[in-house]
Amino acid sequence: MILNELLLPIFVVLITLILGAGVVDYLHHATSALGKQMSLRRSLNPLAPLYRLGLALSQQSVITEHPDRLNLRLAPALYFALAALGLAVVPWSADFIPADLVTGMVLWGAVEVLATVVIFLCGWSANAHLPLLGAYRYVSLGLSYMLVSMFVLIGVALPAESLQLSAVVESQREIWNVLRQPMGLPLFLIVGLGLTFWGPLDFASSPDLDRGISADQSGASRLVWQLARYAMLVAFSFMAATVFLGGWLGPWLPGPLWLVLKATLVLLILLWMGHNLPVMTPDKFISVAWVLLLPLSFVDLIWAGALALW
Amino acid sequence: MVGIWTDITFYLCAAIAVFSGWRVFRTDSMVRASFLLLISFLAVGVIMLLLAAVYLGTALFFMMAVEMMVMALFMVMFMMNPAGLNPMNMVHQPWVAALLGFAVFTGLSLVAVYGEFPANPAPADLDPVRSLGRELLGDSMLVFESAGIALLATMIGTVVLSSHRGRYGPANEGSEPPGLDPGGPPAKSAAQKQQQREEQKEQEEDKQDHDQ
Amino acid sequence: MAVSLWQRLAARASVPVFVASGKDEPDEIQDMLWQTGRIKLVFTPRHASLLVVTGQIPVEQSQSLAIIHDQLPHPRATLWCGGQPCFEFIAAKRAPSPQTLVASAEDLPQRIKETQKQLLSGKRQSEPDLNPDRPPAPWQGKGDHGQGGEGMMGGKPYGRPMAMMEADLRDGLMLDALEFSVGPFYHGLPAGLMASVSLQGDVILKWQVESPPFPTALPSVFVRALHQDTPLADLEIWRVRVHLQRLARMMALDGLDCAAVRTLRLAGPLPCITQAGLGALQKQVGSLEKHLRKRGFFALGAGIGELDAQQANLMGGYVGRACGMQEDARSTSKPYQALGFTVSCQDKGDVQSRRLQLFAEVHQAIALAAKAGREEVMLTHEEIETPVGRLTKRQAPKDHSEMLQSLLPGMEWREALMTLASLPVAGATREGGWQ
Amino acid sequence: MTLTMLLIVGAALIGTGLYGALSQQSFVMLMMGLELMLNGIMLYAVAFWALAGHGIPEGQLLTIIVMAVMAIEMAMGFALVVAVFRTSQADTTEALQDLKH
């Protein structure tokens, strides 16, 4: 009983995150190398993530001058733990849900916000100016898309009449939310970019700050942070696939496989955006977030509410 | 079996909540202080989950995370000791405060121990989230909505209070920084100091020219 | 110690390299490494395992380079390409490290890979620190609570002054300002530029230039055209090349790595391009521009880094033309007039119009090169329009870093770096120095 | 986990919060003290709701209201801090001598 109820879910979540992080690393570098028209054989080498792992582990892990050691060490672990928490509420099939919380959606919201705290801590605790700047910039911008995330998620909970993710999946049996609320997924993807500070919303570790919060990480400590960030991408993809693409629902194939396929699709979209869209300037993003995204998410919510009443 | 684990979790969370709540006022760094407070809130949130208040527990997580994040940002913007690099101690009347705090704790604990409360636990088949939702949008809608109106009023008030231009012009017109010591000369901003230095330099140069 | 499994795996990974560019060395080497497989250019020394120093580092910057060197995690090594090593006098008393000099840039990728292999297999020792590893000021205070000085603001606790409030440029609220210095090897700045910066959040309060950027070496073809007949097509092709390289750097700053590498690939082999190749190039540049336009590369620069007429006049070159000034040395020269050259302009003078102007000039230059190549036009003129400004026998394009002190304050950090990348701040020098 | 234990934990939080609110000089730290007291109060409300109030929905409602109060307290608090800071650059209670009279 304990095996099935406690160990199996933990095992599944951790394995998914770690394997998923490897897949993200592979896809990220492979698509980047293809975009740069590098040699095909080398850029598609399936062992490349292992080589990078080896490189990270054989480098020294540098410490900045007088950092806040506890938080510096803790932040990557916490970021990973948050990813695990977020993934835990995702249902894999009708009867396998690692943590079937009644308020799964609210928990995901909490994960998003706590991630902001953890990312800030990571940059702040290094006691160096570039990571600090990255952290501040991230927080001051991050708070502006959190609201969008809340409204979009409430919109998804409306047709399900529940905050439980298994109910949200059930509510998509006839029509997926991506069709029912056409604005939801694009808005949610933007939130995902912000949550993982990826691509156009990479404010925490942008190129102009010399990689911001990662600027003073090296070796193993950088590896752990990267792992956590990739894990968060994976968790987000699973969540997006669950709330907008019908989760494990689908014909012919078993449920979990459908879920993985849909999550991979979301992941590929995110990676594509990362390589092809320029990093926004903070100033422009603030205006876009408040003037465009927030009203759009209102419209999305009203749309969802009207449909639910009708 | 389940009961033991619940108890262990409860005592752990209670210890964390109180300990980190106390550490809030014992750390040099404002950022650390606000995150310690966050930990205290998170621990209370877990206790609420244990008490089957599922919605409240999880809502507390994200409410407090946002709040503490904003707090940390503000701290660093204003406070003289942003990163907690310099030890500092900014307290007044610590002993009176500690005594009062302890007295309140003792009083409330005595009430808790000796007071008589009805043992009337929530029914096992209660769906707390659903019942909360029905209450919020049913009988107590007025209360709930007035909380919403109050928040709206807060938003407007906040913007008015903190904006640069008040109703009668710039909000900081004619203001002067406080003294470093009580009654002492005001602390100057770096810009003012720079200006002062430059003026001094010019004066000296003038003097030199004069001498020559 | 036996070579661990990790090190064996690591030997097959891409080699992370940090490039520090010195004097008299165009960014050619950096651009070349960028396109090379199995080498990964990184932005910060912490992520690198090899330090590649290109060109000569002036003595006064060698201490900064030593700091960069010490930031590399072990195992690390330094490769010197095109300049003399400058660490000896810093590390004279410490254990001397093997100095690897690379004679030609072509060898560099190979040497980088070899050195990384040697490092990982333990055949080559990791280079020791050049500076002693101790904090710049003692980490202890002396006040009542260890705060360093007397009173709240007194002293320099732990070697760091208390943060002082400064008025926010935008709404006057007094907030903490963060002071630090960047350069001379910060990748977002032109090589050699050192500045002490005061930031409030993201906004730049003060930008003080400590040392100007190293002058960039002008391609010799422009200098030659001052004295002797030079094929006009060559001039224009070099213009395309320099412009594309500048654009690639802007793309990298915006996180568009793939597009940047594509651009460099177009620019790299340009000097030996054929007539037929020019037609294809025109198309490729067109599709690149379209790609970037769709992704918002140009729109991103709208309203950022606007220059007034005076500043634009001072800068001249494409910056002036992006500001709407009809000034171009080419319009006064006969061969250009014969080819039907007209000055193209933008009107706004912000980063967006500079990006557009660069692309417009690239297109124009390709067309001119094609036409001039067919007619084999030769050119000698006392005024040459180089990609970075006007060149005469007496005067090279000047250094404009002083202007940054008034231009950058008030901008956000990101906007400032975008502006910097779009301006030819560094002065120019002929290969081997300017007389 | 009995009601008594929950109430004692809540009392400890309130006591600590009171100590902080009274002893801290800086506005923001003072607000932290208030928040900690409200934290204890929320724990009280939930404890009574779950173990003494037969799970009546008003118990949860009370907690929601306390959360709203916290949000209001913090937003207004910070707005006041900014306003005070603009006019007199004060961020500690001692620096505000004018309010005494």
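Throughout, a chain's letter reflects where its sequence line sits, starting with A, and its residues are numbered from 1.
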Item to check | Set of side-chain contact (heavy atoms from CB on, under 4.5 Å) partners for D:Gln60, sequence neighbours left out | outcome: B:Leu56, B:Pro128, B:Ser131, B:Leu132, D:Trp49

Next on the checklist: Go through it in stages, so that I can follow the logic: the residues are D:Leu13 and B:Val44, the test is side-chain contact (heavy atoms from CB on, under 4.5 Å), and I'd like the CA-CA distance, side-chain angles, deciding distance and then a yes or no.
Outcome noted: CA-CA 10 Å; D:Leu13 288 175; B:Val44 169; 3.8 Å; yes

Picking from [options], which has the most non-hydrogen pairs under 4.5 angstrom with chain B?
options	value
D:Leu51, D:Ile8, D:Val9	D:Leu51
D:Thr16, D:Leu43, D:Thr63	D:Thr16
D:Pro57, D:Ala52, D:Gly59	D:Ala52
D:Met76, D:Glu58, D:Met32	D:Met32

Checklist entry - Taking only residues at least two apart or on different chains, which pairs with a member in residues 103-112 of chain B satisfy side chain to side chain donor-acceptor pair (under 3.5 Å)? => result none

Is it the backbone or the side chain of [X] that comes under 4.5 Å from a heavy atom of chain B, or both, or neither?
X	answer
D:Ile72	both
D:Ile56	neither
D:Leu61	both

Compare every heavy atom of [Y] with every heavy atom of [X], then report the nearest pair and how far apart it is.
X	Y	result
D:Met31	B:Met71	CB-CE, 4.1 Å
B:Leu51	D:Ala47	CD1-CA, 4.1 Å
D:Met29	B:Val24	CE-O, 3.4 Å

Checklist entry - Out of B:Val66, B:Val70, B:Thr154, B:Thr158, which one pairs with D:Met74 under the side chain to side chain contact (heavy atoms under 4.5 Å, CB included) rule? => result B:Val70

What distance do [X] atom [atom1] and [Y] atom [atom2] have between them, rounded to the nearest 0.5 Å?
X	Y	atom1	atom2	answer
D:Ser23	B:Leu99	OG	CG	12.5 Å
D:Met70	B:Met63	CE	CE	7.0 Å
B:Glu135	D:Ile64	CD	CD1	11.0 Å

Among the listed options [options], the residue most often paired with chain D at heavy-atom distances under 4.5 Å:
options	result
B:Leu60, B:Val96, B:Val104	B:Leu60
B:Pro94, B:Ala97, B:Ala98	B:Ala97
B:Thr9, B:Val18, B:Asp139, B:Leu110	B:Val18
B:Ser34, B:Ala147, B:Gly157	B:Ser34
B:Phe117, B:Phe41, B:Trp22, B:Tyr11	B:Phe41
B:Ala119, B:Ala59, B:Ser40, B:Gly133	B:Ser40

Checklist entry - Any chance the rings of B:Phe105 and D:Tyr19 have centres within less than 6.0 Å? => result no

Next on the checklist: Set out, in order, the CA-CA distance, both residues' side-chain angles and the distance that settles side-chain contact (heavy atoms from CB on, under 4.5 Å) for D:Met42 and B:Met48, then state yes or no.
Outcome noted: CA-CA 9 Å; D:Met42 279 197 298; B:Met48 287 186 183; 3.9 Å; yes

Checklist entry - Any sub-3.5 Å donor-acceptor pair from B:Gln93's side-chain atoms to D:Leu22's backbone N or O? => result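 Looks like yes, one N/O pair under 3.5 Å.
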
Non-hydrogen atoms of chain D under 4.5 Å away: do they reach the side chain of [X], the backbone, both or neither?
X	answer
B:Leu151	both
B:Leu50	both
B:Met155	neither

Checklist entry - So with a 6.0 Å cut-off around OH of B:Tyr55, is the heavy-atom count from everything else above 12? => result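 It does not: B:Tyr55 OH has 12 such atoms or fewer within range.
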
Next on the checklist: Go through it in stages, so that I can follow the logic: the residues are D:Leu7 and B:Val111, the test is side-chain contact (heavy atoms from CB on, under 4.5 Å), and I'd like the CA-CA distance, side-chain angles, deciding distance and then a yes or no.
Outcome noted: CA-CA 9 Å; D:Leu7 293 187; B:Val111 173; over 6 Å; no

Checklist entry - How far apart are the C-alpha atoms of D:Leu36 and B:Phe25, what are their side-chain angles, what is the distance that settles it, and do they pass the side-chain contact (heavy atoms from CB on, under 4.5 Å) test? => result CA-CA 11 Å; D:Leu36 199 58; B:Phe25 307 107; 4.0 Å; yes

